[in-house]
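To keep things clear, I will list the structure first and then write my remarks on it.
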There are 2 protein chains.
Amino acid sequence: MSVIRKIQANLDRMSPADREIGRFIAENPDKMLGLSSAALAAETGRSQSSVVKFAQRLGFASYQDLKLAVSTHRAQDWRLPAGPIHGSIAQEDGFATVLEKLVSSKYRAMRETVAANGAREVGRAVEALDAARRIYLAGVGASSLVASDLSYKLLKLGRVAIQNGDSHVQMANVAAGGPQDLLVAISYSGTSMETLKIAECAKGRGARVIAITGMQDNPLARLSDILLHTVADEDHVRSSSITARDAQLALTDLLFLMIVQRQPDAHDFIHETEVAVAALKSAGR
Amino acid sequence: MSVIRKIQANLDRMSPADREIGRFIAENPDKMLGLSSAALAAETGRSQSSVVKFAQRLGFASYQDLKLAVSTHRAQDWRLPAGPIHGSIAQEDGFATVLEKLVSSKYRAMRETVAANGAREVGRAVEALDAARRIYLAGVGASSLVASDLSYKLLKLGRVAIQNGDSHVQMANVAAGGPQDLLVAISYSGTSMETLKIAECAKGRGARVIAITGMQDNPLARLSDILLHTVADEDHVRSSSITARDAQLALTDLLFLMIVQRQPDAHDFIHETEVAVAALKSAGR
DNA sequence: GTCAGGGCGGAATAATTTATTCATCAGACC
DNA sequence: GGTCTGATGAATAAATTATTCCGCCCTGAC
């Protein structure tokens with residue numbers, strides 16, 4: 001919890017002097033950062049020693065520590081959207097409104113998606129990805145782009161990731177798979193025919209299947225070994241599936257980062273890939 | 001610019017004592033926050049007065065101000081955890097940390113990107129997109145996926161959007177373009193050779209060019225007619241360009257939504273497309 | 001009603017930390 | 001070689017912060 005929040009929460013339980021000091025800090029964190037303990041005391045009409053004791057009672061080792069914490073709070077204060085913004089984007093909305101709704105709905109999709117997946121299930125997915133001989137990716141339409149994104153990242157880690165925009169090729173790929181392999185099937189609805197068939201094929205050959213799909217019951221979810229959920233705006237026509245894609249990306253990014261955590265040389269691999277790709281950039285000069 | 005970056009940028013021009021102090025701070029910002037000027041002097045083998053002077057030469061009023069700035073940097077540091085997270089034994093901790101960093105970094109990239117682009121420039125981009133006969137999209141690597149995403153959305157609106165993952169094909173496409181056409185060139189660095197050449201070609205044929213690129217000066221930005229900025233974590237190796245991609249998507253989503261605003265029948269178009277695509281889903285049953 | 005105990009608050013003071021001054025030194029420039 | 005400039009750190013001054021101590025008020029016991 002941020003310092004300011006902590007101060008506000010305890011304001012009632014504080015002694016008069018502490019309350020006055022706390023209130024001032026909560027209301028003027030910026031100003032407080034420029035004040036010494038004595039100056040803050042003068043502002044609040046209290047003594048310098050009370051200011052120091054206030055910091056200590058809050059659990060800080062020193063007044064300077066309190067200032068650092070307040071500074072951290074200021075830097076992290078993003079004025080989060082007050083609440084979930086309902087409704088779609090109306091025609092008459094101006095630039096600022098569109099912006100606000102876009103950002104907050106993206107944020108919401110992200111937050112709710114990561115909240116919908118427990119550490120355990122994500123952990124299972126990461127272990128499966130980590131252990132797989134080959135990782136196949138399946139997805140059509142917008143999900144295909146998410147699959148490509150993940151495959152690109154996995155390749156950077158030296159993993160064998162196989163993905164193609166053409167679902168026929170995807171099918172051909174998994175048809176050669178076996179029990180040591182893993183399929184990541186991505187479909188928000190969980191009913192995309194191609195993705196489903198590919199998942200069935202993979203399963204038939206003994207491969208494990210990670211499904212990344214919506215919360216509702218669906219065929220893809222039912223046949224998966226590991227099930228990860230994406231949460232998005234249900235009105236896909238109006239939102240153009242933006243939030244569904246963001247939710248999928250948030251989840252695949254999370255998987256990727258968790259794999260990086262488990263791979264000590266991940267940093268080197270990524271770096272080497274970047275260097276190799278950078279060579280392409282300068283090749284034409 | 002963050003303090004740490006500022007220090008690193010000036011490191012070469014500094015005197016020996018300042019360089020030593022600056023290097024220590026850049027490498028151990030966390031540790032530095034817990035040190036007094038004298039303690040920091042001891043760590044670096046320099047005198048306490050040199051530390052104070054270092055802060056003053058950097059433009060800070062006091063050593064404490066420097067500390068506050070470093071603290072702010074630490075709080076705003078949105079580098080995603082790329083290495084093993086130390087100090088936490090439980091796996092749950094690692095999970096929560098990665099999650100927190102991921103979500104806040106994504107959110108931040110999004111926010112700062114939309115904030116970096118004024119309504120006027122976005123408006124110009126939207127008008128150009130709206131008026132264009134054909135919209136070409138160019139981008140390689142991860143940017144190619146963003147280009148595909150946008151093209152898919154534009155197609156849903158009935159626009160003529162032309163995109164291909166192969167840069168040779170992209171080049172061939174724009175080579176047939178003319179003054180009524182528009183190219184959206186996407187590259188975070190603004191130096192990707194293929195994207196640049198394609199933009200040059202488009203420009204040579206009279207087409208307008210919208211560049212979606214980072215804040216730094218770069219060749220792509222210079223030759224663009226309309227310039228949109230993306231803000232992301234600078235450390236692409238560690239963050240694996242996740243935030244750069246998110247920033248690009250936030251911007252392209254915004255452009256898309258603004259076009260939807262201007263097109264009265266947009267929702268009908270999107271709906272028809274969804275229905276048509278849905279027919280594919282059930283075809284195999 | 002009075003008294004003891006405990007905590008709070010602030011003045012005074014001690015301790016620590018920061019800023020400035022000053023002497024020295026090294027290198028640049030004439 | 002002489003002089004100037006700027007860097008450096010020791011010494012010192014200034015400031016800030018932490019602690020001590022004492023009076024006060026409140027509370028509860030008798």
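Hydrogens, waters and symmetry mates play no part in the numbers below; they use all other heavy atoms, side chains included. The chains referred to below are lettered A, B, ... by the order of the sequence lines, with proteins before strands, and numbering in each begins at 1.
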Rounded to the nearest angstrom, tell me the gap between atom [atom1] in [X] and atom [atom2] in [N].
{"X": "A:Phe60", "N": "D:dT17", "atom1": "CZ", "atom2": "P", "value": "15 Å"}
{"X": "A:Leu66", "N": "D:dA18", "atom1": "CG", "atom2": "P", "value": "10 Å"}
{"X": "B:Lys67", "N": "D:dT16", "atom1": "NZ", "atom2": "C1'", "value": "13 Å"}
{"X": "B:Gln48", "N": "C:dT20", "atom1": "CD", "atom2": "P", "value": "11 Å"}
{"X": "B:Asp65", "N": "C:dT17", "atom1": "CG", "atom2": "P", "value": "18 Å"}
{"X": "B:Asp18", "N": "D:dT8", "atom1": "CG", "atom2": "P", "value": "6 Å"}
{"X": "A:Arg46", "N": "D:dT17", "atom1": "CZ", "atom2": "P", "value": "19 Å"}
{"X": "B:Phe54", "N": "C:dT18", "atom1": "CZ", "atom2": "P", "value": "15 Å"}

Checklist entry - When rounded to the nearest 0.5 angstrom, what distance separates CG in B:Asp18 from NZ in B:Lys53? => result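 Rounded to the nearest 0.5 Å, the CG-NZ separation comes to 10.0 Å.
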
Item to check | Distance, nearest 0.5 Å, that separates CD1 of A:Ile212 from CG of A:Leu228 | outcome: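 The distance works out to 5.5 Å.
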
Between [X] and [N], does any side-chain N or O lie under 4.0 Å from OP1 or OP2?
{"X": "B:Ser62", "N": "C:dT18", "answer": "no"}
{"X": "A:Ser37", "N": "D:dT16", "answer": "no"}
{"X": "A:Ser50", "N": "C:dG9", "answer": "no"}

Next on the checklist: Ignoring hydrogens and geometry beyond distance, is a side-chain donor-acceptor pair present between A:Thr72 and B:Ser71 at under 3.5 Å?
Outcome noted: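 Looking only at side-chain atoms, B:Ser71 and A:Thr72 do form a donor-acceptor pair, the distance falling under 3.5 Å.
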
Given [options], identify the nucleotide with an atom nearest to the side chain of [X].
{"X": "A:Arg57", "options": "D:dA18, D:dA11, C:dC8", "value": "C:dC8"}
{"X": "A:Gln56", "options": "C:dG10, D:dA18, D:dT17", "value": "D:dA18"}
{"X": "A:Val52", "options": "D:dT19, D:dG9, D:dA11", "value": "D:dT19"}
{"X": "B:Ser47", "options": "D:dT17, C:dG10, D:dG9", "value": "D:dG9"}

Checklist entry - When all nucleic acid strands are considered with a 4.0 Å heavy-atom cut-off, which category describes B:Ser49: base, sugar-phosphate, or nothing? => result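 If one applies the 4.0 Å heavy-atom cut-off, B:Ser49 turns out to touch a base.
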
Item to check | Earlier contact from the 5' end, DNA chain D, for A:Leu35 and A:Lys53 | outcome: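 Looking at the nearest nucleotide for each, A:Leu35 comes out on the 5' side.
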
Next on the checklist: Less than 4.0 angstrom from a charged side-chain N to a carboxylate O is my criterion; do A:Arg124 and A:Glu127 meet it?
Outcome noted: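 The answer is no: the pair does not qualify as a salt bridge.
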
Next on the checklist: Check this for me: B:Arg120, atom CZ, are more than 12 non-hydrogen atoms of other residues, nucleotides or ligands nearer than 6.0 Å?
Outcome noted: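 Atom CZ in B:Arg120 is not crowded, with 12 or fewer foreign heavy atoms closer than 6.0 Å.
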
